[in-house]
Amino acid sequence: TQSRSDAEDAVQEVFIDLWSSAGRFDEAKASETTFVAMIARRRLIDRLRRVKREPTLEELSAAEVAAFVLCATPSQCPSALSACSSAART
């Protein structure tokens, strides 16, 4: 997850959160630097947790990959998985 695009995505998430949280900034509680650093820290920790939970393609079976690609909504996943041939499920 150390690619340039991952870093750009992480920065974008931080800026979006900063923009939406700007109204909560209180200079009596903390400096601007602390406010930005804490938001960035929380977003990056959330991102690392999310990445750790997501399996890599190498860890998924062919059926799981097919189901993931075919799923438009979580409720469709069982039917997408059952649509795969039994040979593809191993």
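- Atom CG of D17 and atom CD1 of I39 lie 5.0 Å apart (nearest 0.5 Å).
- Not a single donor-acceptor pair under 3.5 Å links the side chain of S21 to the backbone N or O of R24.
- Interatomic distance, R43 CZ to L18 CG, rounded to the nearest 0.5 Å: 9.5 Å.
- Looking at every heavy atom in both residues, R47 comes nearest to D9 through NH2-CB, 3.4 Å.
- In this structure, CG on D26 lies 10.0 Å from CZ on F35, to the nearest 0.5 angstrom.
- The environment of E32 atom CD is sparse: at most 12 non-hydrogen atoms of other residues, nucleotides or ligands sit within 6.0 angstrom.
- Looking only at distances, a side-chain donor or acceptor of S20 sits under 3.5 Å from a matching main-chain atom of I16.
- Look at R42 and E13 and you find no salt bridge, because none of the NZ, NE, NH1 or NH2 atoms lies under 4.0 Å from a carboxylate O.
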